[in-house]
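Only one structure is covered here, and it is reproduced in the block below.
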Amino acid sequence: MEGLSEVAQARREQILDAAETIIAGHGIQELSLKKIEDLAHMSRGQLTYYFPEKEQILLAVYDRMLRRMIHEAMRSDGPKPMTGRAWECLQHGLKKHLEPDWPPPGGKELLSLLFTFLAQMGHREDYRKRLSQWYSEWRSFIAADVAGSVPQPGAVPPRVLAALIQGLFHGLDVQLMMDPDAFDRDEMFAACVRMLAPLFGRTNPDEPAR
C-alpha cells in the first residue's frame with residue numbers, strides 16, 4: 001500500500017496470509033484475532049496496529065483475493081478486454097464460470113466473503129460502501145469494453161448491459177455454489193449466448209467479430 005514502509009507492508013501481508021489460510025482451511029466462522037495472532041506469530045497489539053478491527057482484515061483479504069483472480073484471468077489464454085473483443089470475452093468468461101471445476105482455487109472463499117458482506121450490509125455501512133465501489137468499478141470496466149467493441153448507439157446503453165452481465169455472472173455463481181447440478185451447463189451457455197447476442201449487435205451468436 002502507498003505510504004507504508006516495506007516492513008509495514010510485509011507485516012500486513014503476513015496478517016492477510018494468516019487470515020486467508022484460516023478461511024480456506026476452516027471457514028470464515030472460525031476466523032478470530034487470536035487464531036490470526038498465533039499463525040502470524042504476532043501480539044494483539046501488533047495485529048491491531050495494522051488492522052484495528054477483524055472486519056478490516058476481511059475487507060483486505062477480499063480485496064487481495066479479488067485482485068489476484070483478476071490478475072490470473074488477465075494472464076490466462078483467451079480474448080482480452082479492451083481489445084475490441086467484448087463479445088468474445090463474454091463468451092470466454094461464461095464458459096469459465098460454467099466449467100465443473102469453477103470457481104478456481106480461492107474462488108469459493110472469495111464468494112463466501114462476499115456473502116458475508118452482503119448479509120451484514122444492513123448494519124455495516126463500510127461493507128456497503130466497499131462493495132458498491134467494487135461493483136461500480138467492475139461495471140465501469142465492462143461498460144468501457146462494450147462501448148469500445150459494440151457500434152453505438154447499441155440496443156441498450158453500455159452501463160446497462162454491464163449491469164446485466166454482472167447480474168448474470170453473479171446469479172450463475174450463486175446457483176452453482178448451492179447446487180452444482182442446478183442446470184445443464186452447456187444448455188445454459190447456449191441460452192445465455194442467444195439471449196445476449198442481439199445486445200452486442202450480433203444477429204447470429206456465432207457471427208465472427210467485425
CD of E109 to CD1 of I28: how many Å apart, nearest 0.5 Å? 8.5 Å
Rounding to 0.5 Å, atoms CD1 (I36) and CD1 (I23) come to a distance of 7.5 Å
Start with the C-alpha distance between L90 and V193, add both sets of side-chain angles, then the distance that settles side-chain contact (heavy atoms from CB on, under 4.5 Å), and finish with yes or no. CA-CA 9 Å; L90 172 69; V193 168; over 6 Å; no
May I ask you to say whether D17 pairs ionically with R12, meaning some side-chain N is under 4.0 Å from a carboxylate O? no
Under 4.5 Å between any side-chain heavy atoms of L164 and V156, yes or no? no
Do you know the tightest heavy-atom contact between S149 and A86? OG-N, 3.2 Å
Excluding sequence neighbours, so at least two apart, what forms salt bridge (Lys or Arg N to Asp or Glu O under 4.0 Å) with E187? none
Could you please spell out the steps behind the side-chain contact (heavy atoms from CB on, under 4.5 Å) verdict for L113 and L59? CA-CA 8 Å; L113 277 171; L59 287 169; over 6 Å; no
For residues 67-77, the side-chain hydrogen bond (donor to acceptor under 3.5 Å, both in side chains) pairs (sequence neighbours left out) are E20-R68, D63-R67
Might you work through the side-chain contact (heavy atoms from CB on, under 4.5 Å) test for R124 and F117, ending with a clear yes or no? CA-CA 8 Å; R124 292 287 312 200; F117 297 148; over 6 Å; no
Salt bridge present between K34 and D38 (N-O < 4.0 angstrom): yes
Could I get the full list of side-chain contact (heavy atoms from CB on, under 4.5 Å) partners for L176, not counting sequence neighbours? L98, F183, R185
Would you check if the side chain of T116 reaches a backbone N or O of S112 as a donor-acceptor pair within less than 3.5 Å? yes
Going from CE on M121 to CZ on R130, what distance comes out if it is rounded to the nearest 0.5 angstrom? 14.5 Å
According to the side-chain hydrogen bond (donor to acceptor under 3.5 Å, both in side chains) rule, which pairs have a member within residues 156-174, sequence neighbours left out? H97-D173, W102-D173, S136-R159, R139-Q166, S140-R159
Is there a donor-acceptor pair under 3.5 Å between the side chain of T48 and the backbone N or O of F51? no
When rounded to the nearest 0.5 angstrom, what distance separates CG in D126 from CD in E53? 7.5 Å
What residues, two or more places apart in sequence or in another chain, satisfy side-chain contact (heavy atoms from CB on, under 4.5 Å) together with P103? K108, L111
Atom NZ of residue position K96 - does it have more than 12 heavy atoms of other residues, nucleotides or ligands inside 6.0 Å? no
Is L66 reachable from M74 through a run of hydrophobic residues whose side-chain heavy atoms are each under 4.5 Å from the next? yes
Can you check side-chain contact (heavy atoms from CB on, under 4.5 Å) on L110 and V61, steps first, answer last? CA-CA 9 Å; L110 184 70; V61 167; over 6 Å; no
My understanding is that only residues two or more places apart in sequence, or in another chain, count here; which of them pass salt bridge (Lys or Arg N to Asp or Glu O under 4.0 Å) with E55? none
In chain order, what residues pass the ring-ring contact (aromatic ring centres under 6.0 Å, His included) check against Y135, with sequence neighbours excluded? W138
For E137, give me all partners under side-chain hydrogen bond (donor to acceptor under 3.5 Å, both in side chains), at least two apart in sequence or on another chain. Q133
Which residue pairs pass the ring pair (Phe, Tyr, Trp, His ring centres under 6.0 Å) test when at least one of the two sits in residues 6-26, sequence neighbours left out? none
Nearest heavy-atom pair of A19 and I57: which atoms, and what distance? CB-CG2, 3.7 Å
D186: what forms a side-chain contact (heavy atoms from CB on, under 4.5 Å) with it, not counting sequence neighbours? D184
Any chance OH of Y49 has more than 12 other-residue heavy atoms, nucleotides or ligands included, within less than 6.0 Å? no
For Q152, side-chain hydrogen bond (donor to acceptor under 3.5 Å, both in side chains) partners two or more places apart: none
Results of salt bridge (Lys or Arg N to Asp or Glu O under 4.0 Å) for K35 - residues two or more places apart only: E30
Has D145 got a side-chain atom pairing as donor or acceptor with P81's backbone, closer than 3.5 angstrom? no
Determine whether F141 and F200 fall in the same hydrophobic cluster, where Ile, Leu, Val, Met, Phe, Trp and Tyr are linked whenever their side-chain heavy atoms lie under 4.5 Å apart. no
